[in-house]
Amino acid sequence: MKFVLDAEQRMFGETLRKLLAGAGTAKAARDWAAGDTGPGRALWSAVAEAGVFAVAVPEEFGGAGLLPVELVVAAEELGRAAAPGPYVETLAAAELLGESPWLSRIGEGEAVVSLAVPHALDADVADLVLTVDGVERQAGEALASLDPARRLFRVEGGAGFTGFGALLCAAQQVGLGRALLEVSVEYAKTRQQFGRPIGEYQAIKHHLASAMVELEFAAPLVYGAALSYGTPDFARDVSAAKVAASEASYGLAKTALQVHGAIGYTDEYDPSLWIRKARALYSAWGSVAEHRARVIAAL
């Protein structure tokens, strides 16, 4: 079977990519990490106007219906842009809320929701904090985070993850990987050593090619899992996708750092935002070991 996005899905992704490309997401992420959420909230509103939250909400609450493939398209673009904020958490929460009035607010982009999986992302700016069983909680103390733009908070009773959230996290990781691959290839074309672009050296070519292959194998698993939503295979497919996307995006983060050298991890250099987020998402929404165990148990 050959899977391709239809024309509307492609247009949705392209529109969102253009919106995010011109929205200054790198600055918004740095401001968010520093506690200034204004630019990030403005970005949130623009994403809402593009219809992202509506495709997570049933039609009877003003949404477009739960559309897993469209949500994966959106999450991939949000990952590519390293957009700050609990997008995955808010989208995943819509599945947990049943017929709650919160659904209308989520669909319109008016509500920010955090999920304790086990810690709550950006709980200090969230209008609602939930555990994965849909129970409302209050956030506790702030915790250290591998990614300064992913601010974590302790929540009593926080544990586990949802399959839908893990799927969207995997899509976000694919987007991160694509951004890191693009910026690394471009850097390899322009950075020179010994009078030649470093991209002409086989060692660099092989690293980038291997990373690209991993990413290209991960992306179809993510979309395949979206197609299996609502079937008995969904949990297995999501875990397979999450393992592949985690390994691919984290591998690309390491490759990007090797290609760029120490500059790749400096705060002032944009690729550092993607590199840190890739490491943080590697263990978010279930560890690689947990998801591998779920795949093995399903065989």
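Only a predicted model underlies this, so the values are computations on that prediction, with no experimental measurement involved. All values below were derived from every heavy atom in this structure, side-chain atoms included, with hydrogens, water molecules and symmetry-related copies excluded.
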Completion exercise
Heavy-atom closest pair (Ala33 atom, Ala149 atom, distance to 0.1 Å) is CB-N, 3.8 Å
Handout entry: Under-4.0 Å salt bridge between Asp36 and Arg41
Key = no
Practice task
Side-chain contact test, heavy atoms from C-beta onward, threshold under 4.5 Å: evaluate it for Leu143 versus Phe153 and give yes or no.
Solution key: no
Problem - Side chain Ser272, main chain Thr266, donor-acceptor under 3.5 Å - result: yes
Practice task
Please confirm whether the backbone N or O of Arg80 pairs with a side-chain atom of Trp274, one donor and one acceptor, at under 3.5 Å?
Solution key: yes
Handout entry: Closest non-hydrogen atom pair between Leu180 and Leu252, with its separation
Key = CD1-C, 4.2 Å
Problem - Verdict with supporting geometry, Asp270 and Lys27, salt bridge (Lys or Arg N to Asp or Glu O under 4.0 Å) - result: CA-CA 9 Å; Asp270 286 354; Lys27 181 182 183 303; over 6 Å; no
Problem - Same cluster (ILVMFWY, side-chain, under 4.5 Å), Leu221 and Leu181 - result: no
Practice task
For the pair Thr25 (side chain) and Ala81 (backbone), establish whether a donor and an acceptor sit closer than 3.5 Å, ignoring hydrogens and angles.
Solution key: yes
Handout entry: Aromatic plane relationship, Phe234 with Tyr229 - under 30° parallel, 30 to 60° tilted, over 60° perpendicular
Key = perpendicular
Handout entry: Check: Ala284 main-chain N/O paired with Lys242 side-chain donor or acceptor under 3.5 Å
Key = yes
Exercise for the section: State whether the side chain of His291 and the backbone N or O of Arg236 hold a donor-acceptor pair below 3.5 Å, judged by distance alone. Expected result: no
Handout entry: Single-linkage hydrophobic cluster Leu5~Leu71, side-chain heavy atoms < 4.5 angstrom
Key = yes
Handout entry: Transitive ILVMFWY side-chain link Val129 to Leu91, under 4.5 Å
Key = no
Completion exercise
Distance col, row Thr37:OG1 vs Asp31:CG, nearest 0.5 angstrom, shows 9.5 Å
Practice task
May I ask whether Val88 and Leu19 are part of the same hydrophobic cluster, defined by side-chain heavy atoms of I, L, V, M, F, W, Y residues being less than 4.5 angstrom apart, directly or through others?
Solution key: yes
Exercise for the section: Answer yes or no: is there a donor N or O on one side and an acceptor on the other, between the side chain of Glu290 and the main chain of Ser287, under 3.5 Å? Expected result: yes
Problem - All side chain to side chain donor-acceptor pair (under 3.5 Å) counterparts of Asp6, not counting sequence neighbours - result: none
Handout entry: Greater than 12 external heavy atoms within 6.0 Å of Glu60's CD
Key = yes
Problem - Thr90 (side chain) donor-acceptor with Tyr87 (main chain) under 3.5 angstrom - result: no
Problem - Candidate pair Val117 and Thr131, rule side-chain contact (heavy atoms from CB on, under 4.5 Å), full reasoning - result: CA-CA 7 Å; Val117 287; Thr131 59; over 6 Å; no
Fill in the blank from the handout: Heavy atoms of Ser239 and Arg294 approach each other most closely as OG-NE, 2.6 Å
Practice task
Taking the side chain as every heavy atom from C-beta outward, state whether Tyr250 and Gln173 have any pair of such atoms under 4.5 Å apart.
Solution key: no
Practice task
Could you pull out the closest heavy-atom pair between Leu215 and Gly177, with the gap in Å?
Solution key: CD2-C, 3.7 Å
Handout entry: Inter-residue atom distance Thr231.OG1 - Asp237.CG, 0.5 Å rounding
Key = 6.5 Å
Handout entry: Distance-only donor-acceptor check, side chains Glu76 and Tyr223, under 3.5 Å
Key = yes
Handout entry: Co-membership, hydrophobic cluster, residues Val174 and Leu208, 4.5 Å side-chain
Key = yes
Fill in the blank from the handout: Looking only at heavy atoms, the pair that brings Val113 and Pro86 closest together is O-CB, 3.7 Å
Problem - Whether over 12 other heavy atoms sit under 6.0 Å from Glu156 CD - result: no
Problem - Check: Gln172 and Val222 side chains under 4.5 Å, non-hydrogen atoms - result: no
Problem - Residue Glu136 excluded, over 12 heavy atoms near CD under 6.0 Å - result: yes
Practice task
For the pair Glu216 and Arg178, find out whether any cationic side-chain nitrogen is under 4.0 Å from an anionic carboxylate oxygen.
Solution key: yes
Practice task
Is it possible for you to check whether Lys189 lies under 6.0 Å from the centre of the six-membered ring of Tyr187, through NZ or CZ, and within 45° of that ring's axis?
Solution key: no
Problem - Any donor-acceptor pair under 3.5 Å from Trp44 side chain to Gly109 backbone - result: yes
Exercise for the section: Check the pair Leu66, Val57 against side-chain contact (heavy atoms from CB on, under 4.5 Å), reporting the backbone distance first and the verdict last. Expected result: CA-CA 6 Å; Leu66 180 57; Val57 172; over 6 Å; no
Exercise for the section: Identify the heavy atoms of Phe12 and Ala74 that sit nearest to each other, and give their distance. Expected result: CE2-CB, 4.1 Å
Exercise for the section: Identify which one of Val238, Leu96, Leu167, Leu168 satisfies the side-chain contact (heavy atoms from CB on, under 4.5 Å) criterion when paired with Thr162. Expected result: Leu96
Problem - Asp122-Ser114 side chain donor-acceptor pair, cut-off 3.5 Å - result: no
Exercise for the section: Please step through side-chain contact (heavy atoms from CB on, under 4.5 Å) for the pair Leu281 and Ser249, ending with a clear verdict. Expected result: CA-CA 9 Å; Leu281 292 182; Ser249 62; 5.9 Å; no
Problem - Test side-chain contact (heavy atoms from CB on, under 4.5 Å) applied to His260 and Val183, step by step - result: CA-CA 10 Å; His260 287 85; Val183 73; 4.2 Å; yes
Practice task
Keeping the roles fixed (side chain from Ser145, backbone from Arg150), state whether a donor-acceptor pair exists under 3.5 Å.
Solution key: yes
Problem - Interatomic distance, Leu130 atom CG to Leu97 atom CG [nearest 0.5 angstrom] - result: 5.5 Å
Problem - Side chain to side chain, Val47 and Leu20, heavy atoms closer than 4.5 Å - result: yes
Handout entry: Residues Glu14, Arg17: salt bridge by 4.0 Å N-O rule
Key = no
Handout entry: Nearest-0.5 Å distance, CG of residue Leu227 to CG of residue Asp233
Key = 12.0 Å
Problem - Reported CG-to-CH2 distance for the pair Leu43 and Trp32, which is rounded to 0.5 angstrom - result: 9.0 Å
Problem - Spatial distance of atom CH2 (Trp285) from atom CZ (Phe161) [nearest 0.5 Å] - result: 9.5 Å
Problem - Salt bridge Asp124-Arg151, side-chain N to carboxylate O under 4.0 Å - result: yes
Exercise for the section: Compare all side-chain heavy atoms of Leu273 with those of Arg30 and state whether any distance is below 4.5 angstrom. Expected result: yes
